[in-house]
2 protein chains.
Amino acid sequence: MNDPGRLREAGLRVTAARLAIMQTVSGGDHLDVEAIHRGVCERVGQVSLQAVYDSLNALQRGGLLRRIEPAGSPTRYETRVGDNHHHLVCRSCGRVADVDCAVGHAPCLEPASDAGYLVDEADVIYWGLCPPCRAEAGSAQPDSARV
Amino acid sequence: MNDPGRLREAGLRVTAARLAIMQTVSGGDHLDVEAIHRGVCERVGQVSLQAVYDSLNALQRGGLLRRIEPAGSPTRYETRVGDNHHHLVCRSCGRVADVDCAVGHAPCLEPASDAGYLVDEADVIYWGLCPPCRAEAGSAQPDSARV
DNA sequence: TCCTTTACTTGAATCATTCAAGTTTGCTGC
DNA sequence: GCAGCAAACTTGAATGATTCAAGTAAAGGA
């Protein structure tokens, strides 16, 4: 289904701003709100940052977007929803990459012991260094070789 | 080893404030900074909030405390460090409970595909409802029975 | 085409956290 | 035991992502 259809299906109105958000997010790579805002403005002209926040929340509630909130860095969004995939986050540059669920289908929803909690979602973030930052960290002489 | 020893081992000075922080965090249940601050002040008198932030960062860097940062709620701290355990977080009240790693020893460090990332930590959060909030949600007539 | 509801705009507020500058204190060496 | 230095603490202000509030514009069903 296309974006307008998905929007209507979620009970949301179809607006230029929202379509531009969908395009920007699906064309980008785990963008943050600021980057999405820039992308939207490039596509359809001035849109307020608050409208972007508002729409992102609506789209997320409607299941059209997934929100990623790594500790200590601003929220990011992606269009890959409905599957149980996880994320690799770079400690150095904040870049995010998708990882398929390590264990299979939806196993992450079952902790060893749930302490009586009614679990509905598992959030798995692998922290590390992305390839570019790895290369940089590896080649740079610590605290030197920098002009 | 006791707290003063652990502090020295981490290259940190032993102060009343820091000992009070260790006591408060280990006596509490995944407390946030505000709660830790209150606990510290009860034990040793007025201590500034900034000193608490500063010390918590130092203690975390020194490996004496573990920081938990669930999306959308303030940072919490615990004294259980060095093992690979995860957390259950209540969507309703924010309560946090420990869960042992589902898969065994340190398997969570190995995503299905690492996309070239050098992974050093896995952060697993199970989202759901804690028993009290479950009970409340179950018994309450939606949008009624509330005075 | 009208009307209602939802979306958007502008502007201000919030909240956890950090930064900065100056003072105090723990602790190492004498 | 005392001096001196670095680490820790205090006070006060700043930051930055996000939300709230009130008014205006526009989507889409009647």
Side-chain angles (χ1 to χ4, degrees), chain A residues 2-22 24 30-41 43-62 64-65 67-77 89 94 96, chain B residues 2-22 24 30-41 43-62 64-65 67-77 89 94 96:
Chain A
N2 54 9
D3 287 340
R6 268 188 284 267
L7 281 164
R8 289 200 192 88
E9 202 178 36
L12 298 171
R13 289 187 182 166
V14 179
T15 68
R18 288 178 175 181
L19 294 174
I21 288 178
M22 290 303 291
T24 302
H30 305 97
L31 301 178
D32 60 20
V33 178
E34 201 185 306
I36 295 169
H37 184 219
R38 275 198 307 274
V40 168
C41 290
R43 279 167 217 269
V44 297
Q46 180 56 37
V47 172
S48 71
L49 183 58
Q50 283 62 28
V52 173
Y53 270 104
D54 191 41
S55 295
L56 286 170
N57 283 329
L59 293 168
Q60 196 248 307
R61 261 183 265 115
L64 280 81
L65 292 180
R67 173 184 275 159
I68 309 154
E69 303 177 70
S73 66
T75 304
R76 293 164 178 273
Y77 290 87
V89 180
V96 176
Chain B
N2 54 10
D3 287 340
R6 268 189 285 268
L7 281 164
R8 289 200 192 87
E9 200 177 37
L12 298 171
R13 289 186 181 167
V14 179
T15 68
R18 290 181 172 179
L19 294 175
I21 288 177
M22 289 303 292
T24 303
H30 304 98
L31 300 178
D32 62 19
V33 178
E34 201 185 305
I36 295 169
H37 184 218
R38 276 199 306 275
V40 168
C41 290
R43 281 167 216 266
V44 297
Q46 180 56 36
V47 172
S48 70
L49 183 59
Q50 283 63 25
V52 173
Y53 270 104
D54 191 41
S55 296
L56 286 170
N57 283 329
L59 293 167
Q60 195 249 313
R61 262 183 265 116
L64 281 81
L65 292 181
R67 172 184 277 158
I68 309 155
E69 303 178 69
S73 68
T75 303
R76 292 165 178 272
Y77 289 87
V89 180
V96 177

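Here the structure is a predicted model, which means the values were calculated and not measured. Just so it is clear, the values below take in all heavy atoms, side chains as well, and ignore hydrogens, waters and symmetry mates. Lettering follows sequence order; numbering is per chain, from 1.
Residue Gln46(A) is classed as a sugar-phosphate contact, given heavy-atom separations below 4.0 Å to backbone atoms only.
Residues that satisfy the side-chain contact (heavy atoms from CB on, under 4.5 Å) test with Ser48(A), not counting sequence neighbours, are Gln50(A), Ala51(A). A search for side-chain hydrogen bond (donor to acceptor under 3.5 Å, both in side chains) contacts involving Glu34(A) returns Arg38(A), not counting sequence neighbours. For Glu9(A), there are no salt bridge (Lys or Arg N to Asp or Glu O under 4.0 Å) partners at least two apart in sequence or on another chain. For Glu69(A), the side-chain contact (heavy atoms from CB on, under 4.5 Å) criterion is met by Arg67(A), Thr75(A), Ala71(B), not counting sequence neighbours. Looking at residues two or more places apart in sequence or on another chain, you find a side-chain hydrogen bond (donor to acceptor under 3.5 Å, both in side chains) between Arg43(A) and Gln23(A), Thr24(A). When the side-chain contact (heavy atoms from CB on, under 4.5 Å) test is applied to Ala16(B), the partners found at least two apart in sequence or on another chain are Val44(B). For Asp3(A), the side-chain hydrogen bond (donor to acceptor under 3.5 Å, both in side chains) partners two or more places apart in sequence, or in a different chain, are Arg6(A). Residues meeting the ring pair (Phe, Tyr, Trp, His ring centres under 6.0 Å) test with His30(B), sequence neighbours left out: His87(B).
Across its full length, the helix from dT1(C)-dA30(D) to dC30(C)-dG1(D) shows an angle of 40° between the axes of its 5 terminal pairs at either end, rounded to 10 degrees.
Between dT6(C) and Arg18(A), no contact under 4.0 Å exists linking OP1 or OP2 to a side-chain N or O. For the pair Thr75(B) and dA16(C), the criterion of a side-chain N or O lying under 4.0 Å from OP1 or OP2 is not met.
Of the residues in residues 47-61 of chain B, those placing a heavy atom less than 4.0 Å from an atom of DNA chain C are Gln50(B), Tyr53(B), Asn57(B), in numerical order.
Rounded to the nearest 0.5 angstrom, Ser55(B) OG and Leu64(B) CG are separated by 11.5 Å.
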So Asn57(B) and Arg61(B), side-chain contact (heavy atoms from CB on, under 4.5 Å) or not? Walk me through it.
-> CA-CA 6 Å; Asn57(B) 283 329; Arg61(B) 262 183 265 116; 3.6 Å; yes
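The nearest whole Å value for the distance from the CG atom in Leu19(A) to the P atom in dA27(D) is 11 Å. Nucleotide dC8(C) holds its P atom 12 Å from the NE2 atom of His37(A), rounded to whole Å.
With hydrogens and angles ignored, the 3.5 Å screen pairs a side-chain donor or acceptor of His37(B) with a backbone N or O of Val47(B).
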Its contact letters, B for base, S for sugar-phosphate only and - for none at protein heavy atoms under 4.0 Å, make nucleotides 22-30 of chain C read ---BBS---
